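See below for the structure under consideration.
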Amino acid sequence: MSGEGKRKYINRLKSFLPLRSKIDETYKKSLEAIQMGRPVAWAMINAWYGDPILRAIELETVYPENFSAVCAAEGVAESYLNRADADGFPSHLCGYARNCFGYVSRMTKELGGKIPPEAPIGGMPKPIFLLSSNIGCDARYKWFQALGRYLDVPVWVLDMPIPGVKELFRDGVYERCIRFIVEELKEFVYFLERVLGVKMDWDRLEKTVHDIEEMNRVWFEINELRKTIPCPMHSRDFWSAMPPSLFLAGKPAETLILYQEMLKEVKERVDHKVSSIHTEEKFRILFSELPPWHSLSVFENMAERGWNFVIESWGYHPPPPLDLSGISDPLEHIARFSFHFHTAYFKDALKEGEYYGYMGYPLLKFAREYKCDGAFFHLPLTCRSTSTHQLYLQEKMKQKLKIPSMIVSGDIVDLRLFNPAEVIRRMKPFEESMESYRELRE
Amino acid sequence: MPGGSRGVTRAKDLYRDRFRRAKELKEEGRKILGYICLHAPVEMMTALQIIPFRMLGDIYETPTEVDRFLPRAFCPFVRSVFDLSLKGKYDFLDGMLLVHSCDAMERTGRIWESVVDHHYFHFMDLPTKVSERHQNFFREGLDDFKKTLEELTGKELSFKELKKAIESHNEQRRLVRSLYEITEKVPPKISGSEILQVIGAITSISVEEGNKLLREVLAEIGKRKSGKLKGPRILVWGSVLDHPAFVEMIEDLGAHVVIDDLCTGTRGYWVDVKLDGDLLSSLAYYYLVELRCPRTFKEAPSDGKRKDYSADLEERFSYLREFTKTWKVDGAILQSVKYCDCHGFEVPQVKDYFNSFGIPSFVLEHNYMIADREILKTRVEAFLEILRGGVE
């Protein structure tokens, strides 16, 4: 990539470095514990639904979605994908899931349950159970159900209500959903206690939940500051700093301190009008979905031309802070926080006659509030969950906000589907488009 | 009544032009609500004199308008239905009920509501699991739906009317099962593609009219002479097949499609809604627990520490073994539209289950559109050849 080894145009935050070290250290410690034989669960990313409980009960957890992304980056995914094909899974299914099927197939059918030697980051040992949920997509529970072909371990599904935008505001619906989630959580705790043979430490859970809320409050505040012109923090820093919030990588109490340091640095930049790119901020861009991890240097090319990535998709950000001070039950805290994540923007969406209250509308709101000139949609071809809303948003941004966007196809596992050269080729015409829409807006 | 026709001919007429009768009824002052997936509690609409109209796609019409809103790597059936809606073909509807049956429906529903102007649009969530607690939660959702229907019609949905509507729909379920009883015989007097058309027809008219039509069809088929046994007896499993072309193609190759596990076939008709106690609870049980669709998470009871795969398959698919035995099935075609995650994840497990009792099965993915059929034909032909080697 032309950005490699050249002058860096993205002005990275210094505070992301200790955060990154903490994440690496956490992974390493967890891996060592697993290698020592501690039980491990496999979990889907669950938006602070099951994770706080797993942390409080101190169960080591690995995330097959993350593992599959690493397999892709390390070049071992292809052989796993081929195995999944041979085992009869359709090739259009989620790339992460297919990678996981191939991995587990190799582990159980060929290696008698041993971790494949080629597996990156120590691999994933056989779990004691699988924690899935309907959050995000159907694949998140169908995938783990299908693993029953290879693994004789239970699957626990956390069901999250997913109401419509206007339906949420019918009498009693919101509180009914909360009560339902609390019951889901209670059953999950009983299940865990049975499987692990230990009792939940409720004080520890309360502390964990409190730390998660505080940590996310600060993380939210940091991202709010990115509305400033010039934007003080680039998407590259967001992605580097996101795992402690999204996957609870690291102890939330320690992350809170590191996020506070980051907040201080971002505030200083705001006060001194320091931009997150070294060039003039010509275009403020919204980035939709996860980036092409293997081609991040393309962002240097864009920064060189004055593109500043100021905000990302809803799904990777914490919800706006919620006052839960009057609530003592930690399970209700979790229920309200996680449900709030999904529904926090429904009220505003309804006011604007938009019914895609999560995934869709928040991006319209972000594009407006972060004063974006354009949007960059990375469309992962085997992930319906993160690609369904993109064309719709492209249309809505153009119609309602007069903001143009470009869609670039890629994939979450098959790295060959993203072409950085195409992005570079399309930069100039897109700049012209952004300029002409800017005139239209003005 | 289209052209004054009766029985099978009338069913085929209605199927060919599914909008016509609905538009006539609309002109007569009836309210018509659209729904797509089987999880829509049609009984509640019927109880308030609303005609539930199942919205289908069109395998002959290339989707164009939908490209503005949905990617191409997406459920082609949903794309097709949404495309027709964007082109105004469903404008005669008074509104829509969209149930959270899968991601494709749920996500598209939100876009649909944002870009298509319907007087009434209700999104109904559906839990993933089936415990009593989940049923109760869904029952509350049904109660919300009831209130919206009452607001729409200005009438109260009474116990008596709901009971009557459930009885009528149960009657329809029994009549459809009678159709499938005919295909138990060797050779069957009615083809699989005819059954799909009859079902396509009755989901475009009122339940009373549909039941009358079914009785005519049954009477007519009863008088048919038995044909010849042409070839293997096939079970078709999988995602939505809202047009008989696929089944016709199999039958044109000399096989009999005698039974199916499709949401446009048996799935909506195999079990009755219970009429005892609280009727909304009965509907919740039926639509969440009884209705077969891979979108719902079901598993065999266990000690919670170890999962038994065989027991799980038995719990989820034992009806397929019964189908195979009762309908004397020689082979199963496991078909699915591309990008259907719920069925896609299920395919290897269903195949494992058929393998467990020695029934050959064959997996076929397609793009929903008619243009795909010729490509699929060769592959189906090869499978039938294998079966013929065993049955002839």
Side-chain angles (χ1 to χ4, degrees), chain A residues 87-90 92-94 97 128-129 132-134 137-139 141-143 145-146 148-149 151-155 157 159 161-167 170 172-173 176-177 180 183-184 187 191 194-195 353-357 359-360 379 381-382 384-385 387-392 394-396, chain B residues 67-71 73-75 98 100 102-104 106-115 121-125 127-129 131 133-134 137 140-141 144 147-148 294-295 297 299 302-309 312-313 336 338-342 344-349 351-352 363 365:
Chain A
D87 280 6
F89 289 99
H92 63 75
L93 294 180
C94 164
I128 53 166
F129 77 94
S132 69
S133 83
N134 64 333
C137 62
D138 296 332
Y141 61 95
K142 294 307 293 180
W143 162 359
Q145 184 180 43
R149 296 184 93 207
L151 298 169
D152 59 353
V153 298
V155 180
V157 181
D159 226 340
I162 306 176
V165 163
K166 67 178 187 306
E167 288 76 10
R170 292 192 72 89
V173 172
R176 186 201 305 157
C177 291
F180 174 83
E183 290 304 313
E184 281 288 290
E187 285 185 6
F191 166 77
R194 228 172 33 242
V195 170
E354 294 293 339
Y355 297 94
Y356 210 152
M359 289 271 188
L379 192 145
L381 289 169
T382 65
R384 248 80 61 202
S385 171
S387 60
T388 306
H389 53 282
Q390 300 203 354
L391 288 164
Y392 160 76
Q394 183 168 51
E395 180 82 8
K396 284 280 174 178
Chain B
D67 286 339
R68 287 162 57 209
F69 299 109
L70 289 177
F74 192 79
C75 172
L98 205 138
H100 179 189
C102 64
D103 284 345
E106 186 254 325
R107 306 283 162 90
T108 309
R110 294 171 191 278
I111 298 174
W112 210 310
E113 192 174 8
S114 299
V115 301
F121 191 103
H122 185 72
F123 177 86
M124 187 159 73
D125 193 21
T128 308
K129 295 196 287 186
S131 77
R133 192 166 58 74
H134 292 79
F137 184 69
E140 298 296 315
D144 291 338
K147 286 172 190 153
T148 68
R295 58 82 55 203
F297 183 85
E299 59 183 353
S302 74
D303 62 1
K305 292 189 175 177
R306 193 179 159 275
K307 197 174 192 67
D308 180 336
Y309 182 55
D312 229 28
L313 293 183
S336 176
K338 268 192 179 161
Y339 313 118
C340 175
D341 289 336
C342 289
F345 279 106
E346 204 93 326
V347 163
Q349 298 165 77
K351 200 164 172 53
D352 286 347
V363 179
E365 256 187 10

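Naming convention: chains lettered A, B, ... in sequence-line order (proteins, then strands); numbering from 1 in each chain. Keep in mind the model is a prediction, meaning the values are calculated, not measured.
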Within a strict 4.5 Å, meaning less than it, do heavy atoms of the Phe345(B) and Gln145(A) side chains meet? no

Count the heavy-atom pairs under 4.5 Å between each of Asp152(A), Val195(A), Asn134(A) and chain B, then report the option with the highest count. Asp152(A)

Taking every non-hydrogen pair under 4.5 Å, which of Gln390(A), Lys166(A), Gln394(A) racks up the most with chain B? Lys166(A)

Cut-off 4.5 Å, heavy atoms of chain B, and the answer for Phe89(A) is both

Look at Asp352(B), Asp312(B), Val363(B), Thr108(B) and state which one has the largest set of heavy-atom pairs under 4.5 Å with chain A. Asp352(B)

Under-4.0 Å salt bridge between Asp103(B) and Lys142(A): no

Quick one: are Val115(B) and Tyr392(A) in side-chain contact, heavy atoms under 4.5 Å? yes

Fit a plane to each ring of Phe180(A) and Phe137(B), take the angle between them on a 0 to 90° scale, and name the class: parallel (under 30°), tilted (30 to 60°) or perpendicular (over 60°). parallel

Below 4.5 Å from any heavy atom of chain B, which atoms of Val153(A) appear? Answer side chain, backbone, both or neither. backbone

If you count heavy-atom pairs under 4.5 Å between each of Glu187(A), Glu354(A), Arg170(A), Arg194(A) and chain B, which one has the most? Arg170(A)

For Gly88(A) versus Pro348(B), what's the shortest heavy-atom pair and its separation? O-CG, 3.5 Å

When every non-hydrogen atom of Gly304(B) is compared with those of Pro154(A), the smallest separation belongs to O-CG, 3.1 Å

Locate the shortest heavy-atom distance separating Gly344(B) from Pro90(A); write the atom from each residue and the value. O-CD, 3.3 Å

Applying the side-chain contact (heavy atoms from CB on, under 4.5 Å) test to Arg107(B), which of Arg384(A), Met359(A), His389(A) qualifies? Met359(A)

To the nearest 0.5 Å, how far apart are OG1 in Thr388(A) and CG in Leu70(B)? 7.0 Å

Is there a salt bridge (charged side-chain N to carboxylate O under 4.0 Å, His left out) between Arg176(A) and Asp144(B) once you walk through the steps? CA-CA 12 Å; Arg176(A) 186 201 305 157; Asp144(B) 291 338; 2.9 Å; yes

Part of Lys351(B) within contact of chain A (heavy atom distance under 4.5 Å): neither

Using a 4.5 angstrom heavy-atom cutoff, name the option from Lys338(B), His100(B), Glu140(B) with the most pairs to chain A. Glu140(B)

For a quick check under 3.5 Å, do His134(B) and Glu183(A) share a side-chain donor-acceptor pair by atom type? no

Side chains of Asp341(B) and Leu93(A) in contact at under 4.5 Å (non-hydrogen atoms): yes

With chain A, which of Glu113(B), Glu346(B), Gln349(B), Lys305(B) has the greatest number of heavy-atom pairs at distances under 4.5 Å? Glu113(B)

Proximity breakdown for Glu184(A) and chain B, heavy-atom pairs closer than 4.5 Å: both

Looking at Ser132(A), Ala97(A), Ser387(A), Pro163(A), which makes the most heavy-atom pairs under 4.5 Å with chain B? Pro163(A)

Contacting region of Cys75(B) [heavy-atom separation from chain A under 4.5 Å]: neither

Contacting region of Ser302(B) [heavy-atom separation from chain A under 4.5 Å]: neither

Look at Leu313(B), Leu98(B), Asp303(B), Thr148(B) and state which one has the largest set of heavy-atom pairs under 4.5 Å with chain A. Thr148(B)

Could you look at Ser133(A) and say if it's the side chain, the backbone, both or neither that has a heavy atom under 4.5 Å from chain B? neither

Segment of Val155(A) engaging chain B (4.5 angstrom heavy-atom cut-off): both

Among Arg68(B), Arg133(B), His122(B), which has the most heavy-atom pairs under 4.5 Å with chain A? Arg133(B)

Under a 4.5 Å cut-off applied to non-hydrogen side-chain atoms, are Glu106(B) and Asp138(A) in contact? no

Would you give the length of the straight line joining atom CZ of Phe121(B) to atom OH of Tyr355(A), rounded to the nearest 0.5 angstrom? 9.5 Å

Interatomic distance, Ile162(A) atom CD1 to Thr128(B) atom OG1 [nearest 0.5 angstrom]: 7.0 Å

